[in-house]
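A short write-up of the structure that comes next.
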Amino acid sequence: MFPRLNPLTTLTAAVAVLVMTTAAASWAVSLTVAVGAVLLSAAGGTLRRVLVASAAIIVPFWLSLLVIHGLFFPEGRTVLASWGPARVTAEGLSFALEMGLRTAAFVLVLMVFSFSVRVPELVAALTARRVPPQVGYVLASTLLLAPLVAARLEKVRQAQESRGLVVGRGIGSRAAAIRLQMVPLVLGLVHDAGIRAQALDARGFRSAGPRTSYTEARDSAAQAAFRLVAILLALAAVGWRIVESLSAGSLAALSLSGGGPG
Amino acid sequence: MIADRTGATTLLASVASFSYHGDAGPALLGVEMAAAPGTLTAVLGGSGSGKSTLGRLLGAWVLGGRDGTLAGSLQLDVAGVPASSRPLAFTGATDDPRIDPGAWARHVGYVPQDAASMLSAVRETVEEELAFSLENRGVPRAEMVRTVAGIARRTGLGGLLHRDPATLSGGELRRLAVGCAVVDGPGVLVLDEPLESLDQAGVRTVMELVHAELALGTAIVVLSQYADALTRAAERWLVLKDGEVTAAGPPGQILQGHALAESGVVITSPEPDAEPEPEPAAESGLPMPAPPAALPLPVVEARAGTAAALELANVAFGFGRLPGSVPSEDSMLLQDVNLQVMPGEVLAVTGPNGAGKSTLLRLLNGLHRPLRGDVRVAGESIAAVPTGLVARRLGLLFQHSHDQLFERTALREVLFGLDRLFAVGAPERARAALAAVGLEASENAHPHELPASGQRLLALATVLARDPSVLALDEPTVALDAHGLERLTAAVSAAAGRGAAVVLVTHDIGFAKAHAHRLLRLDGGRLLPH
Amino acid sequence: MSQPSLTLPPTDRQAVRRRRLLELLGAAAIAATFVFLVLTQPADIAGGLGSVSSLVALGGFLLGALLLIVGVLPTLPTSTVVLIPVALVLNIVLGQLMGTSGLPFYLDSIGTVLIAVLAGPAAGAATGALSSIVWSFFNPTVLPFAAGAALIGFLAGVAARYGLFRRFYLAPVAGFVTGIIAGVVSAPIAAFVFGGTSGAGTGAIVSAFRAMGDTLLAAITKQALISDPMDKAIVFAIAAMLVYALPRRTTFQFPFVRRFRVLAGREPAARNS
């Protein structure tokens, strides 16, 4: 279902949803968005990859939040448990939950976008919008570079092992190996980049005129309308949030974290 | 599809001097050359002769001002384009003309030796890659599709248009690079070592492509260190040594003189397909100077009772479809490989591309592990021994020296891991190894800045310095010029002479016959006698 | 024009001025956002949750970063543009690894500093901003730090411009100072938008200050002042080591390096061995 949409449509949708989620600042909205993103990725067939990649980012973040706010939240009044300086408070936990869910929604939505987008189509869409070609190049190259880097790192490791490098199981040995491999890896990549720059220049990368795309950027009036609506909705959500916080005073947001004075 | 062809193009270059920023001396000095429509010009020279620099200057890959200091003039004469015929004069000053590489390259297409570096690396299919420069010029999509289809026909890429460029074979990649260079219809085509590391089929398609372009009226310049079938077809040769022209004229005349041998050019058979099948006649009976002197090896017969330096027993290996999975029986790359190599013996293994020659060598030091069977180095099984420890006894020369070099000076490169092997005297050993391959003057050079032949020899020095009891060499002759081949031959016979076993895989049957005691052929997953 | 000239026209002054305007607008958006955040900073930590602050932080910094990118990228030579993806991958991979390692460092700006040293402050700033934006496609928690990342790139470029990378021992000093400034700038973002830091090691330090009763902003600022200067000192030293390990032909390809004599010596490789 995704590949038929213009990448800018999916990107606009993702950003609009995130803006609205932030503006709503409610754990229920965040949870709904997160669940929605998971369902979308299941429909798009990227569920496993999205979940694995998201978990790798969300889980350490949640742990960090739990340690910071779950154990130490001096402003918390409802103490549930305490050991020495550490006090588990209801306010701290709800703050952590709020932040954790909002971040989870962010990660999941952007992951669904990242795994659904086809890079050449995104670049074509950007070209059609007259975004400087360098922006499209940097985006595409970064996203396509990871396998090249991994392959290069493997070659460096093989070359070093073939000349007597033994990587042990200990942390120290591994750290030493990383240091040994970093320099050649970066050198090789920078060297390749220098040559690639010459090739790109010769192939007209810096030409000043208008550009076209071989890959067709599919678009339609309906999608353009949808993007406009999404942007307007996001702006409305931001406006609503600003108006509300102005009318309620600067502490209005406190109510969100557990019913303080508004 | 030459709708964009602007007409017959002549390129005149007069390089009084060119030096890269930060280099002490010039890379080119007093080089004059011309490329006329429908002619083939060959620039021949050994490694480091400056031919690649010349090619890059011609194709605006290297620019005076941005990359170095250029004095001289470049003149592009395109029929029907009056503004083009004025020569651009360079003095090395800041007000020199600044060439627009994109506009220049529409008339002069340069194809680098490493075809992969031609690619933008941001396109996922061959057709998108071919269209890259058309996109940059804003060619309408319908016309772009037509042009790409035409180029694909011309370069034989028709069946590959939807493939990912990263999955192409060497020959296919070279054709793609040529396709990218001719997609704008340039009147001049500069090809840097266009036949390097191609198998027979690849050589044939590139040769056909060159002749087709010539017939279209393209001026072609080939840069090469081989006087081979392709360069022998040239009307005119230009021989470079250390950045200066040592000879220029028709091939027949230059073949009579000494300039070619001195420059380090490898003189091979004029037959395009002289390579794999055993045909000793290919090297003889033709009017050409003798190939570089090969040191005849004293054939050491394996004495009964001596332990094998290297032994493979019933080794089987294959790549699973998924990483980590076990391949099925019929997809095995190697099966029932049995081999014994005695100390002092030189064994050559040949076979078609993709037969698993490189894989075989990687099994020897544990970079790949056999699925069945056992590999024994100096009588000890290497099963469960980390590659880093096997490396004490076995030195592996990689197929691509680029993959093997990772330090910032040549000396540090050879020294890597050497102190773990030799408590005292590691620096002396490293210097001796550099001297053995003729790089003693380059110990502070950056490995990536050495010419291709120098990089290969440096990689060889890293193997030699470790004094291994088994040398495993993957395509050691590739990229070496004549001087480099001499160093390689001497190193192999010296190693064998002190009792090391040498296993080399190569597609160069002539080299294998001249320098190995025994030849084996790897075909269909099995090692067979030649 | 059917036949473009073979040579480049002289620089178009008007285009240069337009780009410069975009850069200035970008920098102004970032500065204004920061001032707004500091001025409206609620006294109570829970007020920091106010989603207006996070929206302003996200919107203002993102806008500034995008303006910087669009203004700077087209002015860069291709050799720099091609290097930026390498820098981004370095930043992202190392940053992601460090975030989960438990060490209180980030190491997510080595690529940015590398570009800044080779290609100057503007390129460094654009790389820093791009780095955060591209990384956020995988890990949105870094998005709000786009402004801080751009500042680091800019400062690194300035340090290189004035020769602080000519002496090996000066690079970490420049990094230390950069870290102090960067820490002060990014702390409010971490507090207002995400209520903490994303790394496990940095989180532990924040907890320690929170345990002593600090407000969240104070705790995060103190953590930043501990982590950032050390982190940037390490990053600048690593970047210096990498730059000196590059072939001279490669470093000299960058006009910034040649023009301001960024690197020392005629034989950097030999000096460093």
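These values consider heavy atoms only, across backbone and side chains, with no hydrogens, waters or symmetry-generated copies. Being a predicted model, the structure only gives us computed values, none of them experimental. Protein chains get the first letters and strands the later ones, always in sequence-line order, with residue 1 at the start of each.
Residues A/A202 and B/A105 come closest through the heavy atom pair O-CB, 3.0 Å.
Proximity to chain A (any heavy atom under 4.5 Å) is shown, for B/A166, by neither the backbone nor the side chain. In this structure, chain A has no heavy atom under 4.5 Å from any part of B/D114. For A/L165, the parts lying near chain B are the backbone and the side chain together; criterion is any non-hydrogen pair under 4.5 Å. At a 4.5 Å heavy-atom cutoff, the contact between A/Q160 and chain B is made by backbone and side-chain atoms alike. Within the 4.5 angstrom heavy-atom criterion, no atom of B/E449 approaches chain A. Within the 4.5 angstrom heavy-atom criterion, only side-chain atoms of A/L180, from C-beta onward, approach chain B. Contacts between B/V145 and chain A at a heavy-atom distance below 4.5 Å involve backbone atoms as well as side-chain atoms. Within the 4.5 angstrom heavy-atom criterion, no atom of B/W104 approaches chain A. Only the side chain of A/D192 comes within less than 4.5 Å of a heavy atom in chain B; its backbone stays farther off. Of the two parts of A/R157, neither the backbone nor the side chain holds a non-hydrogen atom closer than 4.5 Å to a non-hydrogen atom of chain B. Only the backbone of A/P210 comes within contact range of chain B, with heavy atoms under 4.5 Å apart. Both the backbone and the side chain of B/F416 come within contact range of chain A, judged by heavy atoms closer than 4.5 Å.
No side-chain heavy atom of A/K155 sits less than 4.5 Å from a side-chain heavy atom of B/F398. For the pair B/F132 and A/L200, the minimum side-chain heavy-atom distance is below 4.5 Å. Taking 4.5 Å as the limit, every side-chain heavy atom of B/V122 sits out of range of all side-chain heavy atoms of A/V123.
Judged by distance alone, the side chains of B/E128 and A/T215 do bring a donor and an acceptor atom under 3.5 Å apart. Side-chain N/O atoms of B/Q404 and A/R163 include no donor and acceptor closer than 3.5 Å. Side-chain atoms of B/N136 and A/R203 include no donor-acceptor pair closer than 3.5 Å.
Note that CD of A/Q198 and OG of B/S117 are 8.5 Å apart. Values are rounded to the nearest 0.5 Å. The OG atom of A/S162 sits 10.5 Å away from the CG atom of B/L361 when rounded to the nearest 0.5 Å. From B/L367, atom CG reaches atom CD of A/E154 across 8.5 Å, with rounding to the nearest 0.5 Å. Residue B/L63 holds its CG atom at 7.5 Å from CG of A/D201, rounded to the nearest 0.5 Å. Interatomic distance, CG of A/L187 versus NE2 of B/H446, reported as 5.0 Å (0.5 Å rounding). Note: A/S207 OG to B/D100 CG = 8.0 Å, rounded to the nearest 0.5 Å.
The candidate with the highest count of non-hydrogen atom pairs below 4.5 Å against chain A, out of B/N365, B/L389, B/L119, is B/L119. For chain A, the option among B/R66, B/H448, B/M118 with the highest count of heavy-atom pairs below 4.5 Å is B/H448. In terms of heavy-atom pairs under 4.5 angstrom with chain A, the leader among B/A60, B/G102, B/G388 is B/G388. Most heavy-atom pairs under 4.5 Å with chain A: of the set B/H400, B/R123, B/E129, this distinction falls to B/E129. The most heavy-atom pairs under 4.5 Å with chain A, out of B/A116, B/P101, B/S133, B/G366, come from B/P101. Considering only heavy-atom pairs separated by less than 4.5 Å from chain B, the leading option among A/P184, A/A140, A/G209 is A/P184. Considering only heavy-atom pairs separated by less than 4.5 Å from chain B, the leading option among A/R206, A/Q158, A/Q181 is A/Q158. Most heavy-atom pairs under 4.5 Å with chain A, from the set B/R420, B/R466, B/E407: that is B/R466.
For B/E135 (side chain) and A/Y214 (main-chain N/O), a donor-acceptor pair under 3.5 Å exists by modelled atom type. Counting only distance, with no hydrogens or angles, the side chain of A/T212 and the backbone of B/V139 share a donor-acceptor pair below 3.5 Å. In this structure, the side chain of B/R392 does not engage the main chain of A/G164 through any donor-acceptor pair within 3.5 Å.
Taking a 6.0 Å sphere around CZ of A/F115, one finds it holds more than 12 heavy atoms contributed by other residues, nucleotides or ligands.
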